[in-house]
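Encoded as structure tokens, the structure appears first; notes follow it.
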Amino acid sequence: AGIKYAVGENVFLGVSARDLGTKVGRTSVPVTWRVGMAAMAFGGFTFAGDIQKIQHRDNVTLYLGSEYDYEFAENYFGAIRGGVADGDFSIGAGLTVMKKYSIDYAYVTETESFLGENHRVSLSIAF
């Protein structure tokens with residue numbers, strides 16, 4: 001469950017709760033709370049930050065990121081992204097056509113040592 005509030009034309013605040021009432025077998029999954037802000041600054045730049053707290057855990061996780069979005073031809077957008085999640089970084093790029101079809105790539109370092117580094121590719125269609 002979540003809610004997003006427009007503070008201004010280009011600034012947004014959000015709150016979400018994940019795994020509300022979720023169980024695996026007889027074990028309850030802890031609720032994950034997240035509070036964040038995004039600001040669409042100027043010239044295609046967006047800056048964002050989130051704070052995450054998982055129920056019954058002491059630590060709080062900080063997420064920071066930014067994106068530069070550019071329309072290089074009519075209905076063709078390119079984006080470059082970067083971010084940090086609790087000390088691990090990611091970087092990526094994407095291409096969107098007609099604000100409907102997207103392909104994105106990300107290089108991600110993971111907190112869990114067994115996951116190491118990952119390359120992620122996604123295809124999306126908005127409808």
Side-chain angles (χ1 to χ4, degrees):
I3 188 166
K4 182 172 89 170
Y5 175 72
V7 176
E9 187 177 326
N10 296 321
V11 179
F12 302 90
L13 296 175
V15 177
S16 70
R18 194 169 60 189
D19 295 321
L20 292 168
T22 302
K23 289 188 176 190
V24 176
R26 294 184 178 179
T27 305
S28 292
V29 175
V31 176
T32 300
W33 294 94
R34 204 157 181 169
V35 177
M37 184 199 84
M40 295 168 199
F42 53 89
F45 284 97
T46 300
F47 300 97
D50 293 2
I51 297 172
Q52 176 179 284
K53 173 74 172 91
I54 300 175
Q55 184 182 19
H56 307 303
R57 295 189 188 169
D58 292 332
N59 63 323
V60 173
T61 306
L62 176 65
Y63 299 87
L64 297 172
S66 62
E67 175 182 83
Y68 175 69
D69 193 22
Y70 181 74
E71 185 175 13
F72 59 89
E74 188 174 345
N75 291 317
Y76 287 84
F77 298 85
I80 298 173
R81 304 175 186 98
V84 178
D86 202 27
D88 296 316
F89 79 94
S90 61
I91 192 166
L95 173 67
T96 302
V97 178
M98 297 185 304
K99 296 185 179 183
K100 185 172 182 171
Y101 307 100
S102 299
I103 182 167
D104 294 288
Y105 166 79
Y107 170 79
V108 181
T109 60
E110 300 285 354
T111 302
E112 297 82 6
S113 60
F114 68 91
L115 292 174
E117 302 169 349
N118 286 291
H119 300 272
R120 297 181 184 169
V121 176
S122 67
L123 300 171
S124 304
I125 299 174
F127 56 93

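Along the sequence shown, the residues carry numbers beginning at 1.
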Please report, to 0.1 Å, the donor-acceptor pairs under 3.5 Å made by any side chain of residues 18-36, with sequence neighbours excluded.
from	atom 1	to	atom 2	distance (Å)
Arg34	NE	Asp50	OD2	3.1
Arg34	NH1	Gln52	OE1	3.4

Under 3.5 Å, sequence neighbours excluded: what are the donor-acceptor pairs made by side chains of residues 7-16?
none

Distance-only donor-acceptor pairs under 3.5 Å for side chains of residues 119-127, two or more places apart:
from	atom 1	to	atom 2	distance (Å)
His119	ND1	Tyr105	OH	2.5
Arg120	NH2	Glu110	OE2	2.4

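With a 4.5 Å cut-off between side-chain heavy atoms of Ile, Leu, Val, Met, Phe, Trp and Tyr, the cluster of Leu62 takes in Ile51, Val60, Leu64.
By the 30° and 60° cut-offs, the orientation of the rings of Tyr68 relative to Tyr70 is parallel.
The environment of OH in Tyr101 is sparse: at most 12 heavy-atom neighbours from other residues, nucleotides or ligands sit within 6.0 Å.
For residues 72-100, the pairs satisfying ring pair (Phe, Tyr, Trp, His ring centres under 6.0 Å) are Phe89-Tyr107, with sequence neighbours left out. Identified under the salt bridge (charged side-chain N to carboxylate O under 4.0 Å, His left out) test for residues 98-109, with sequence neighbours left out: Arg81-Asp104.
Taken together through direct or relayed side-chain contacts under 4.5 Å among Ile, Leu, Val, Met, Phe, Trp and Tyr, Ile91 and Tyr63 form parts of separate hydrophobic clusters.
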